[in-house]
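First the structure, in the form of structure tokens, and then the observations on it.
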Amino acid sequence: MNRPSKDEYYLNIAKAVSARSTCLRRKFGAVIVKDDVIVSTGYNGPARGVVNCQEVGCLKNQLNIPAYTGYDYCIAVHAEENSIINAARHGAEVKGATLYLYGETVEDSKITEADPCKRCRRAIINAGIIRVVTRKSETEIKEFNVSDWVKEDTEYYLNEFKKALKKNC
């Protein structure tokens, strides 16, 4: 019997959640698990009731904006954010939880490494989620310790601040 690990199990559920995405480029699904219970899910797509790219097209495609840039031109709420928001809407506790994140390209349905952006990392930190698990490939899983992001974000900000000071002197 080839039983999947817990991480594989929840990543497979995140993959199923990603199928609801309305993005024309990449589909992401997130599952938040606390004490081995799914407390929330989310996928990338616009705010509730707002037009989506499947209905009208992708503005980033029209403007030839590369992937993982131009967030101001994208109408989507990220899967990580939606899973946290959905938990809050239903009063689910996420502090101390693990977030499983799956991503794939729409064009060829290939796994895309789901590395949360800075905005999502900050939301995950503030939600109290302690671990993020993603799939790098069909066989490789990547794990993030959220506490590392606190240090990384602090270092990033301080470095950018030092650059700005030097520029203005």
Side-chain angles (χ1 to χ4, degrees), residues 11 14 17-18 21-32 40-89 93-108 110-137 140-169:
L11 283 169
V17 172
S18 74
S21 170
T22 56
C23 182
L24 299 177
R25 290 178 166 204
R26 286 172 181 70
K27 294 183 177 289
F28 288 93
V31 175
I32 299 176
S40 186
T41 65
Y43 53 87
N44 58 319
R48 295 169 190 265
V50 176
V51 68
N52 69 65
C53 295
Q54 287 183 348
E55 295 171 329
V56 299
C58 174
L59 180 58
K60 286 173 66 170
N61 283 349
Q62 291 298 314
L63 297 172
N64 293 314
I65 296 173
Y68 302 109
T69 64
Y71 291 121
D72 290 342
Y73 296 96
C74 181
I75 199 163
V77 178
H78 294 183
E80 304 95 301
E81 294 169 316
N82 268 327
S83 64
I84 293 167
I85 292 164
N86 288 337
R89 285 174 62 99
E93 172 85 30
V94 299
K95 188 176 180 185
T98 297
L99 186 145
Y100 291 88
L101 182 63
Y102 175 86
E104 68 180 38
T105 55
V106 172
E107 183 179 301
D108 55 12
K110 288 189 177 179
I111 292 172
T112 185
E113 193 169 334
D115 191 353
C117 69
K118 288 186 185 301
R119 184 178 82 194
C120 287
R121 286 179 179 211
R122 293 172 183 144
I124 290 166
I125 291 166
N126 279 359
I129 293 167
I130 60 173
R131 181 172 171 253
V132 173
V133 178
T134 66
R135 188 173 290 288
K136 283 183 78 166
S137 67
E140 195 174 357
I141 291 174
K142 184 174 183 179
E143 181 178 339
F144 298 94
N145 182 337
V146 174
S147 64
D148 293 341
W149 294 345
V150 174
K151 182 180 176 187
E152 289 171 19
D153 211 25
T154 298
E155 289 173 0
Y156 167 79
Y157 185 80
L158 292 175
N159 286 334
E160 292 300 311
F161 196 81
K162 286 176 188 175
K163 288 180 197 174
L165 285 175
K166 286 180 183 178
K167 184 178 178 181
N168 292 327
C169 288

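Throughout, numbering of the chain's residues begins at 1 and tracks the sequence.
Counting heavy atoms from C-beta outward, Val146 and Val132 have side chains that approach closer than 4.5 Å. Looking only at side-chain heavy atoms (C-beta outward), Leu101 and Thr134 come within less than 4.5 Å of each other. With a 4.5 Å cut-off on side-chain heavy atoms, Thr154 and Lys151 do not count as touching. In this structure, the side chains of Ile111 and Lys136 stay at 4.5 Å or more apart for every pair of heavy atoms. In this structure, the side chains of Thr112 and Tyr68 come closer than 4.5 Å at one or more pairs of heavy atoms. Side-chain atoms of Ile141 and Val133, non-hydrogen and from C-beta on, do get closer than 4.5 Å to each other.
Atom NZ of residue Lys166 and atom CZ of residue Phe161 lie 13.0 Å apart, to the nearest 0.5 angstrom. Going from atom NZ of Lys162 over to atom CG of Asn159 covers 6.0 Å, rounded to the nearest 0.5 Å. To the nearest 0.5 Å, atom CZ of residue Arg122 and atom SG of residue Cys117 are 9.0 Å apart. Separation of atoms CD (Glu104) and SG (Cys23) is listed at 11.5 Å; rounding is to 0.5 Å. For the atom pair Asn145 CG and Ile130 CD1, the distance stands at 8.0 Å (nearest 0.5 Å). Rounding to the nearest 0.5 Å gives a distance of 11.5 Å between CG of Leu24 and CG of Leu59.
Taking all atoms of both residues into account, the shortest heavy-atom contact from Ala30 to Leu99 is CB-CD2, 4.2 Å. Smallest separation of non-hydrogen atoms from Tyr102 and Leu11: CB-O, 4.1 Å. Of all heavy-atom pairs spanning Gly103 and Phe28, the tightest one is CA-CD2, 3.4 Å. Taking both residues in full, the closest heavy atoms of Gly42 and Asn82 are given as CA-CB, 4.0 Å, listed atom of the first, atom of the second, then distance. The two residues Ala47 and Val77 have their closest heavy-atom pair at N-CG2, 4.0 Å. Scanning both residues, Cys58 and Arg25, for their nearest heavy atoms gives SG-NE, 4.1 Å.
Looking only at distances, no side-chain donor or acceptor of Asp153 sits under 3.5 Å from a matching main-chain atom of Trp149. In this structure a side-chain-to-backbone donor-acceptor pair under 3.5 Å is missing from Lys142 to Ala114. Using modelled atom types, one side-chain atom of Ser40 and one backbone atom of Ala87 make a donor-acceptor pair closer than 3.5 Å. Glu81 places a side-chain N or O within 3.5 Å of a backbone atom of His78 that can act as its donor or acceptor partner. Glu155 contributes no side-chain N or O that, together with a main-chain N or O of Glu152, makes up a donor-acceptor pair within less than 3.5 Å.
Here Asp115 pairs with Arg121 in a salt bridge; the nearest charged N to carboxylate O distance falls below 4.0 Å.
Within a 6.0 Å sphere centred on OH of Tyr73, other residues, nucleotides and ligands contribute 12 heavy atoms or fewer. Heavy atoms from other residues, nucleotides or ligands lying under 6.0 Å from CD of Glu107 number 12 at most.
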When you look at Arg26 and Asn44, which way does the side chain to side chain donor-acceptor pair (under 3.5 Å) test go after all the steps? CA-CA 9 Å; Arg26 286 172 181 70; Asn44 58 319; over 6 Å; no
